[in-house]
Amino acid sequence: MKAHEYQARALLAEAGVPVPSSDVVDTVDEAVAAYGRIDGKVVVKAQVFAGGRGKAGFVKLCDSADAVRDAAQFMLGNRMVSPQTGPAGIAVKKLLIAAAVDIESEYYVAVVLDRAKRKPVVMVSREGGVEIEEVARTNPGAIVKRWLHPHLGLIDFQCAKLASALGFTDKGQLEAAQKVIRGLVKVFNDYDCSLAEINPLVRTPDGEILAIDAKMNFDDNALFRHKRLQEMFDPTEENPMELRAKEHDLSYIALDGNIGCLVNGAGLAMSTMDIIKLHGGEPANFLDVGGSVTAEGAIEAFRIILSDDKVKGVLVNIFGGIAKCDTIAEALIAAAKEIGFKIPVVVRLEGTNVERARELLEAAAIPQLVPASDLTDAAEKVCKEVA
Ligand code: ADP
Ligand code: MG
């Protein structure tokens with residue numbers, strides 16, 4: 001799960017990180033009213049689950065009510081396209097109106113799970129701001145890292161080292177930077193984050209240290225123990241098909257291709273996508289219906305796959321272990337009756353009760369069903385069907 005910037009700011013503020021005051025709004029009029037409540041200049045920021053807003057024109061400094069009105073109208077009326085959104089962009093439904101700050105320098109501070117080292121890593125850089133991805137690519141040495149001990153967490157000397165790596169020499173600023181790093185690590189640990197990032201952390205000409213943008217991702221498997229995060233969940237920002245799948249305990253990820261995949265087991269789903277690509281096709285989704293899939297689960301999976309207009313063919317690849325092949329065959333037949341297959345559905349079944357499953361499918365005589373003898377045969381057939 002991801003959090004909006006305004007939600008991430010709230011968590012940071014609670015952990016003792018200084019964050020400028022702000023308001024969240026969803027209309028132009030409310031944006032103007034929020035401007036009236038803040039002293040001085042403001043920054044209007046689109047609240048969406050994608051970065052690169054600054055460069056896309058969705059972070060705007062405003063020093064009058066008219067400028068706020070224009071910025072709010074633009075952001076709520078246009079889709080934001082950035083390198084992180086894909087060409088279709090995303091709609092903006094909420095805006096943050098935050099007090100603007102004078103920026104002397106911008107820094108980067110983040111905690112992320114380092115899967116290779118199996119520990120969280122704190123990363124800091126003096127070259128924070130909108131170019132951090134470029135810095136990581138071209139000048140990785142400008143990012144200083146310290147790994148957290150899984151039980152001891154952030155040790156004081158590490159924190160001091162990271163703060164001085166940011167280039168602070170003034171005692172007060174060094175302490176302020178350490179407080180920010182500690183606060184960010186606390187949020188990361190307390191809320192089971194996979195990412196907690198402040199970019200930029202800024203120093204003002206008065207020597208104040210402030211977080212003015214934040215991003216957080218949380219481990220979905222830990223959400224059950226965080227009521228606070230459950231309340232933050234914003235379904236309007238999620239892919240509707242992924243949401244529907246989640247409600248039915250299906251693991252579904254939408255992809256860009258045109259071959260829908262219905263598979264049981266994550267490993268089998270991965271190899272199904274691989275073999276489709278090997279034969280020149282492109283999967284439209286990753287869908288794991290689970291090892292113990294039921295008929296209802298499989299029918300719902302079909303509904304989800306077939307509601308995607310991009311899908312021109314489906315590959316059903318089921319290994320009957322806990323799930324029985326004949327159960328899947330029955331679900332296929334029921335789905336064909338209920339939804340009606342307008343596109344070819346290539347079926348490869350193997351495992352428990354596969355003979356019975358084949359008999360059922362044959363007897364049902366569904367014209368769009370294409371039986372496959374093995375996985376290679378299935379991949380070849382489905383790629384040919386959508387070519
Ligand atoms: P994104 O990372 O999506 O581009 P940011 O919130 O980091 O969005 O904003 C981009 C840039 O806009 C910042 O690096 C900073 O230079 C400027 N900016 C953002 N918030 C403020 C603010 N409160 N006051 C002044 N400038 C800001
Ligand atoms: Mg940013």
Side-chain angles (χ1 to χ4, degrees), residues 2-13 17-25 31 34-35 37-64 67-68 70-72 74-76 78-86 89-112 123-137 142-143 166 180 184 187 193 195-217 234 237:
K2 293 179 177 166
H4 281 294
E5 177 193 353
Y6 73 89
Q7 298 167 326
R9 279 170 165 251
L11 296 182
L12 283 178
V17 175
V19 182
S21 62
S22 64
D23 253 329
V24 198
V25 301
Y35 169 73
R37 287 192 292 274
I38 293 172
D39 195 22
K41 268 197 235 170
V42 299
V43 58
V44 180
K45 311 175 85 175
Q47 298 297 286
V48 287
F49 288 164
R53 295 169 303 169
K55 287 187 167 178
F58 283 72
V59 172
K60 284 217 176 95
L61 272 170
C62 300
D63 56 6
S64 71
V68 170
D70 287 349
F74 170 79
M75 290 183 202
L76 293 171
N78 288 282
R79 295 176 78 81
M80 181 186 109
V81 180
S82 88
Q84 297 186 18
T85 62
I90 43 180
V92 179
K93 301 187 193 86
K94 284 192 174 78
L95 302 174
L96 185 81
I97 314 294
V101 293
D102 285 336
I103 299 174
E104 194 178 73
S105 27
E106 304 196 12
Y107 307 90
Y108 176 82
V109 184
V111 189
V112 56
M123 303 192 285
V124 304
S125 177
R126 293 185 201 195
E127 320 222 344
V130 295
E131 298 285 356
I132 191 69
E133 283 84 4
E134 192 57 24
V135 173
R137 242 188 322 271
I143 298 174
L166 285 171
V180 168
L184 189 64
V187 170
C193 292
L195 166 81
E197 177 188 276
I198 300 173
N199 187 33
L201 178 74
V202 301
R203 180 171 61 188
T204 68
D206 306 338
E208 237 188 321
I209 310 293
L210 297 168
I212 65 169
D213 184 22
K215 186 168 171 182
M216 284 171 198
N217 295 348
D234 181 356
E237 296 288 320

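Not measured: the values here are computed from a predicted model. Both ligands and their constituent atoms are indexed starting at 1 by order of listing. Positions are given from 1 along the sequence.
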Is there a heavy atom of [X] sitting under 4.0 angstrom from any atom of ligand 1?
X: Pro20; value: no
X: Ala98; value: no
X: Ser82; value: no

Please give the atom name: the N, O or S atom of Asp213 nearest to the Mg ion (ligand 2).
OD2

Which of the ligand 1 atoms, numbered from 1, are nearer than 4.0 Å to a heavy atom of [X]:
X: Asp213; answer: 1 (P), 2 (O), 5 (P), 6 (O), 7 (O), 8 (O)
X: Ile212; answer: 18 (N), 19 (C), 20 (N), 21 (C), 22 (C), 27 (C)
X: Gly54; answer: 1 (P), 3 (O), 4 (O)
X: Glu106; answer: 13 (C), 14 (O), 15 (C), 16 (O)
X: Asn199; answer: 7 (O)

Hey, is Val59 touching ligand 1 through its side chain, its backbone, both or neither, going by heavy atoms under 4.0 Å?
side chain

Do Glu5 and Arg53 meet the salt-bridge criterion of a basic N to acidic O distance under 4.0 Å?
yes

In terms of side-chain geometry, is the basic nitrogen of Glu131 or Lys55 positioned less than 4.0 Å from the acidic oxygen of its partner?
yes

Nearest atoms (heavy-atom pairs only) where Tyr35 meets Ile97:
N-CG2, 4.3 Å

Distance under 6.0 Å and angle within 45° of ring axis: Lys60 vs Phe74:
yes

Could you verify whether a donor N or O on one side chain and an acceptor N or O on the other, from Tyr108 and Glu197, lie under 3.5 Å apart?
yes

Please check if the number of heavy atoms outside Lys93 that lie under 6.0 Å from its NZ is greater than 12.
yes

For atom 17 (C) of ligand 1, is the nearest protein heavy atom closer than 4.0 Å?
no

Knowing that exactly one of Val43, Ile212, Val44, Leu96 qualifies, which makes a side chain to side chain contact (heavy atoms under 4.5 Å, CB included) with Val59?
Val43

